[in-house]
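Take a look at the structure below.
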Protein chains: 2
Amino acid sequence: MLHIGLVDDHTLFRKGIISLIEMACTQPVQILFEAANGLELQALIGSATAPDIIIMDINMPDMNGFDSVLWLKETYPAVPVLVLTMMDKEEYIIRMLKMGIKGYLSKDVEPKELGEAIHAVSNNGYYYTDFITGKLISTLQQYDEHGRSLSPLNERETEFLRLACSEYTYYEIAALMHLSPKTVDGYRKALFEKLSVKNRVGLALYAVKHDIVKL
Amino acid sequence: MLHIGLVDDHTLFRKGIISLIEMACTQPVQILFEAANGLELQALIGSATAPDIIIMDINMPDMNGFDSVLWLKETYPAVPVLVLTMMDKEEYIIRMLKMGIKGYLSKDVEPKELGEAIHAVSNNGYYYTDFITGKLISTLQQYDEHGRSLSPLNERETEFLRLACSEYTYYEIAALMHLSPKTVDGYRKALFEKLSVKNRVGLALYAVKHDIVKL
DNA sequence: GCGCTATACAGGAAAAACCCTGTTTTTCAT
DNA sequence: ATGAAAAACAGGGTTTTTCCTGTATAGCGC
């Protein structure tokens, strides 16, 4: 018997997945718990035997997939996580892989593949598709010919970018960061170059797109 | 026999819904077709008898829910549409209701409610919950004491806002809109007031937040 | 010590954004 | 048709952003 924990904020999606798993799986499975977010997961996971696999979404209210996996790795490091999400941004996959998830699946797959992924994770310990491999390669290609990383921003730059997504003037941002306005001016210029944008709007949209600021 | 058409870009979600409908429905149902977006819907709907109900998502690639409903109302005006989405923004609901959809359901409901909605639409012709009513009321409250609308942007303002979320200067935006830079200046000022923002970054973030521009 | 790199900082200037006030034109309801 | 509202537009000003070039300092490898 395969014990599954399911973490996704959309009830209909959860129920649909459960229905599919129960119908399609060759192996007998049992849904140990359903959680709408990380907080519910924390409350529910202790009340049963540890699941053989946790299927996890990323975008969830209150406590998202990243924080949930982080907590799981500290508290239940042995429980494998299969991320099932429609977010297919490179950064998300990379970030999740670094956290030690065992598989990453798009919601845009056939039920058959979900079944295969579940069994692969429980039998082999992992399930990575060509899709993931492709994303990883495209990430590697985000380094320029000098081997320098193009996008990873450092602490100060990230802080500046966050503040640039506001109604503060650069002068005010400088004060908030305890820097000279001229230094902030340098940051702006450097980021324009790094992120290939031409003005502050470009910075703001980049930050939103890459979840450096949340809306 | 109840004939259903399903339009949603996520395969797993579609299959899950089908599994749920087939298991839970008291009445015998048949899934006439599955489409991943409006284009697929256009291609598939003619190849079968007209469905008794179409279940439709909003966020879809290539051709979204709005355009799909628009097309349906022109081509198959008699086919009722039940919108099933996770987008619960007032503007979306209002826009869809104006287009004449027969029901609006969040993906965050119990399967039971989906079944009820399907039967209500096919029997009574519509299914509107308290959730919708609440959203409608909160929309009505978006008018100030003078009865003026606070947020609904008109065509030109929306177009301007879209262009403001770019790296064009206001001067260039004026040219693109065939207006004087001074008029565009007026738009900017008016929108700052309307949207309670202080600079162009505020405009851009508002636009993203309200899905006036997509990232 | 000697380069190398990253960070913090300046002067100066041009461009763009921002913010008033006020005029003309278009639209539209009665 | 006509008066009110909305849209388009200007003059002219201040502030902010953007973009140069160039300097000082601190850390690090060898």
Side-chain angles (χ1 to χ4, degrees), chain A residues 142-209 212-213, chain B residues 142-209 212-213:
Chain A
Q142 283 185 354
Y143 294 81
D144 66 14
E145 66 278 6
H146 306 294
R148 285 184 307 226
S149 166
L150 290 179
S151 72
L153 273 35
N154 64 35
E155 276 303 316
R156 290 301 262 176
E157 282 174 332
T158 304
E159 190 185 347
F160 164 74
L161 190 50
R162 258 188 253 277
L163 289 167
C165 297
S166 71
E167 301 188 328
Y168 292 123
T169 66
Y170 288 128
Y171 189 86
E172 291 170 324
I173 290 173
L176 288 167
M177 291 180 73
H178 305 291
L179 291 175
S180 143
K182 285 298 182 178
T183 302
V184 164
D185 198 44
Y187 276 110
R188 194 196 53 248
K189 205 190 164 205
L191 281 188
F192 280 12
E193 176 77 19
K194 262 195 197 180
L195 310 180
S196 309
V197 301
K198 293 178 70 178
N199 61 17
R200 193 167 165 179
V201 170
L203 288 184
L205 295 181
Y206 178 96
V208 171
K209 208 178 298 187
I212 289 157
V213 291
Chain B
Q142 284 184 353
Y143 294 81
D144 66 15
E145 66 278 7
H146 305 292
R148 285 183 307 224
S149 166
L150 290 180
S151 71
L153 272 36
N154 63 36
E155 276 304 316
R156 291 300 263 174
E157 282 174 333
T158 305
E159 190 186 348
F160 165 74
L161 190 49
R162 258 188 252 279
L163 289 167
C165 297
S166 70
E167 300 188 329
Y168 292 123
T169 66
Y170 287 128
Y171 189 86
E172 291 170 324
I173 291 173
L176 288 168
M177 291 179 74
H178 304 292
L179 292 174
S180 143
K182 284 301 180 178
T183 302
V184 164
D185 200 43
Y187 276 109
R188 193 195 55 246
K189 203 192 166 204
L191 281 189
F192 280 11
E193 177 78 18
K194 263 195 196 179
L195 310 180
S196 309
V197 301
K198 293 177 71 179
N199 61 17
R200 192 166 166 181
V201 170
L203 288 184
L205 295 182
Y206 177 96
V208 171
K209 207 178 298 186
I212 289 158
V213 292

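Note on naming: letters A, B, ... go to the chains in the order of the sequence lines (proteins, then strands), and numbering restarts at 1 for each one.
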Shortest non-hydrogen pair, A/A164 vs A/L203, comes out as CB-CD1, 4.4 Å
Separation of C/dA17 C1' from B/L191 CG (nearest whole Å): 15 Å
Between C1' on C/dA6 and CZ on A/F160, what's the gap in Å once rounded to a whole number? 17 Å
Output the residues of residues 181-189 of chain A in contact with DNA chain D, where contact means a heavy atom of the residue under 4.0 Å from an atom of the strand; sort by number or write none. A/D185, A/R188, A/K189
side-chain hydrogen bond (donor to acceptor under 3.5 Å, both in side chains): which pairs involve residues 163-187 of chain A, sequence neighbours left out? A/D185-A/R188
Apply side-chain hydrogen bond (donor to acceptor under 3.5 Å, both in side chains) to B/R156 and list each qualifying residue two or more places apart in sequence or on a separate chain. B/E159
Mind listing the closest non-hydrogen atom pair of A/A204 and B/L205 along with its distance? CB-CD2, 4.3 Å
Numerically ordered, the residues 167-177 of chain B set in heavy-atom contact under 4.0 Å with DNA chain D is none
Pairing residues for A/A207 by the side chain to side chain contact (heavy atoms under 4.5 Å, CB included) criterion, not counting sequence neighbours: A/L161, A/C165, A/I212, A/V213
Take the protein atom CZ of B/F192 and the nucleotide atom C1' of C/dA17, then report the distance between them rounded to whole Å. 8 Å
Show me the pairs that pass side-chain hydrogen bond (donor to acceptor under 3.5 Å, both in side chains) and involve residues 196-205 of chain A, at least two apart or across chains. none
Write down the distance between CZ (B/R156) and C1' (D/dA8), rounded to a whole number of angstrom. 10 Å
Here the distance between atom P of D/dA10 and atom CG of B/L179, to the nearest Å, is 11 Å
